[in-house]
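Report on one structure; see the data block that follows.
Note that the structure is predicted; figures quoted are calculated from it, not measured. Lettering follows sequence order; numbering is per chain, from 1. Computed from heavy atoms alone, side chains included, the values below leave out hydrogens, waters and symmetry copies.
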Protein chains: 2
Amino acid sequence: MSAITVLLVDDHLVVRSGLKALLGTQPDIAVVAEAASGEEALMAVEEHSPAVVMMDLAMGAGMDGIEAIKQLRRRNGKQAVLVFTTYDSDADIVRAVDAGAMGYLLKDAAPEEIFAAVRGAVQGKSVMSAPVASRLFQQLRNPDEVLTPREAELLGLLTEGLSNRELGQRLFISEATVKTHLAHIYAKLGVETRAAAIATAIRREGMR
Amino acid sequence: MSAITVLLVDDHLVVRSGLKALLGTQPDIAVVAEAASGEEALMAVEEHSPAVVMMDLAMGAGMDGIEAIKQLRRRNGKQAVLVFTTYDSDADIVRAVDAGAMGYLLKDAAPEEIFAAVRGAVQGKSVMSAPVASRLFQQLRNPDEVLTPREAELLGLLTEGLSNRELGQRLFISEATVKTHLAHIYAKLGVETRAAAIATAIRREGMR
DNA sequence: TGCCGTGTCAGCCAAAAGGCTGAGAGACCA
DNA sequence: TGGTCTCTCAGCCTTTTGGCTGACACGGCA
């Protein structure tokens, strides 16, 4: 049986290099191409038709990973896309799965985990790192923690550093209402102060 | 002449692996040890006495890179420490240099740049990636806006959503001192509230 | 029809944050 | 030696934020 062909997509050379070295130890896995951006990735897929694409989400300039995955799906590619990234933000996970990713690995994953993910991907199995799975699970169990549209809107403005008064003016509501929304947001995010809410929103929810 | 001995410190196995593969192509550079945390790094230095330590700043759990560098300096180690990280945040750069780092490389640096940095480090030369240098240059022109190491440290904790009291406890200083630092930070960042400072820090300063 | 989620608002109180002034200790440097 | 920078701390006052309770309107849905 021939080896599983893999395309690596990451804007950091060291990461590609490391992944290549790791995967190279497995006889049934062969890295056939590398790309440093979403655009390059699309071209590389055309040229090499890899069975698996390992894709970082944050790519310095140009097309990001999510967009690249969408483009691949749009072209009816048969590649299984594995997200391989540093952060497990809720927003990123949802967006990646939505775009058509087969799995979601974190960069601190153990080698065995990575190998298993590649092998699983070609068989149509979804594999994800434990922290990622736990986040998804968490969301399924606690739909109460989902922000309403209005709350999300307010949280977005919050991350710009506005005061309650400014938030009220911007949204044409009273300061009292702003406070009510904030209290709900804090509860859902599991924080107690606006500072923590902002930190959580920008980091975990991917609002930047 | 014997090869330059290097210790790699990064919590991501792929990054260590990639760096090792890259450096392995150079006959005059030898990776003699690896560590996945600040604590491990200190032990590895004891054991292997490398000439150069390549250190990531953000290490999942435990001691972070800055603290590890400080500890190394405190022990009178002769290792040249090169920071090798993803982000070029002003605060991190200031703190790393202050802690005693010899150079500051970004993970998307070209291989030649990395090799040159390692070779330069053992000769006492400072090497840094272009974006990093440009930031420092920018700061030299506006010295009034440069955060002091202590301020940068405080700002880092601020972005985690801590209250003034918690900041004081964490840094072993009074709440009054925390407020003084914050006032200075706000002035330097050009903001008026803690919320705006966090937003600015995470977005502009790349702190996450 | 009545319940529920969402969005709106008020008042009251305690806690936290921010603005201001002043000041001492230690390091560094001209 | 004197000036400057950094870090430390205090007190006082105002503003902002957060916690709590209660309330009303609207739309969807059982």
Original post:
About how many Å separate CZ of A/Arg165 and CD of A/Gln169, when rounded to the nearest 0.5 Å?
Top reply: 7.5 Å
**OP:** Would you please say whether a donor-acceptor pair under 3.5 Å links the side chains of B/Ser174 and B/Thr177?
**Re:** yes
Subject >> Any donor-acceptor pair under 3.5 Å from A/Gln123 side chain to A/Gly120 backbone >> reply: no
Original post:
Quick one: CZ on A/Phe115 to CG on A/Leu22, what's the gap to the nearest 0.5 Å?
Top reply: 5.5 Å
**OP:** Round to a whole Å and report the spacing from CZ of B/Arg165 to P of C/dA16.
**Re:** 5 Å
Report, one pair per line, the protein and nucleotides 9-12 of chain C atoms (nitrogen or oxygen only) whose separation is under 3.5 Å.
| unit_1 | atom_1 | unit_2 | atom_2 | d |
| --- | --- | --- | --- | --- |
| C/dC9 | OP2 | A/Ser174 | N | 2.5 |
| C/dC9 | OP2 | A/Thr177 | OG1 | 2.9 |
| C/dC9 | O5' | A/Thr177 | OG1 | 3.4 |
| C/dC9 | N4 | A/Thr180 | OG1 | 3.0 |

Original post:
Using the C1' atoms of the five pairs at each end, what is the angle between the end axes of the helix from C/dT1-D/dA30 to C/dA30-D/dT1, to 10°?
Top reply: 40°
**OP:** Taking only the side-chain nitrogens and oxygens of B/Arg194, find out if one of them lies under 4.0 Å from OP1 or OP2 of C/dA17.
**Re:** yes
Subject >> N/O donor-acceptor pair under 3.5 Å between A/Gln71 side chain and A/Ala68 backbone >> reply: no
Original post:
How many Å lie between NE2 on A/His181 and C1' on C/dG7, as a whole number?
Top reply: 5 Å
Original post:
Is a side-chain donor or acceptor of A/Glu166 paired with a backbone partner of A/Ser163 at a separation under 3.5 angstrom?
Top reply: yes
Original post:
For B/Ile202, does its backbone N or O pair with a side-chain atom of B/Thr159 as donor and acceptor, under 3.5 Å?
Top reply: no
**OP:** Considering only heavy atoms of chain B and a distance under 4.0 Å, specify the first and last nucleotide of DNA chain D in 5' to 3' order that meet this criterion.
**Re:** D/dT6 to D/dA10
**OP:** Can you measure from NZ (A/Lys179) to OH (A/Tyr186) and round to the nearest 0.5 angstrom?
**Re:** 10.5 Å
Original post:
Going by an N to O cut-off under 4.0 Å, is there a salt bridge joining A/Asp56 and A/Lys107?
Top reply: yes
Original post:
Would you say B/Glu153's side chain and B/Pro149's backbone share a donor-acceptor pair under 3.5 angstrom?
Top reply: no
Subject >> Rounded interatomic separation in angstrom, taking CG from B/Leu167 and C1' from C/dA16 >> reply: 12 Å
Original post:
Can you tell me how far C1' of C/dG19 sits from OH of B/Tyr186, to the nearest Å?
Top reply: 12 Å
Original post:
Are any of B/Asn164's side-chain N or O atoms less than 4.0 Å away from OP1 or OP2 of C/dA17?
Top reply: yes
Original post:
Between atom CD in A/Glu192 and atom P in C/dA15, what is the gap in whole Å?
Top reply: 14 Å
**OP:** Would you check if the side chain of A/Thr180 reaches a backbone N or O of A/Ala176 as a donor-acceptor pair within less than 3.5 Å?
**Re:** yes
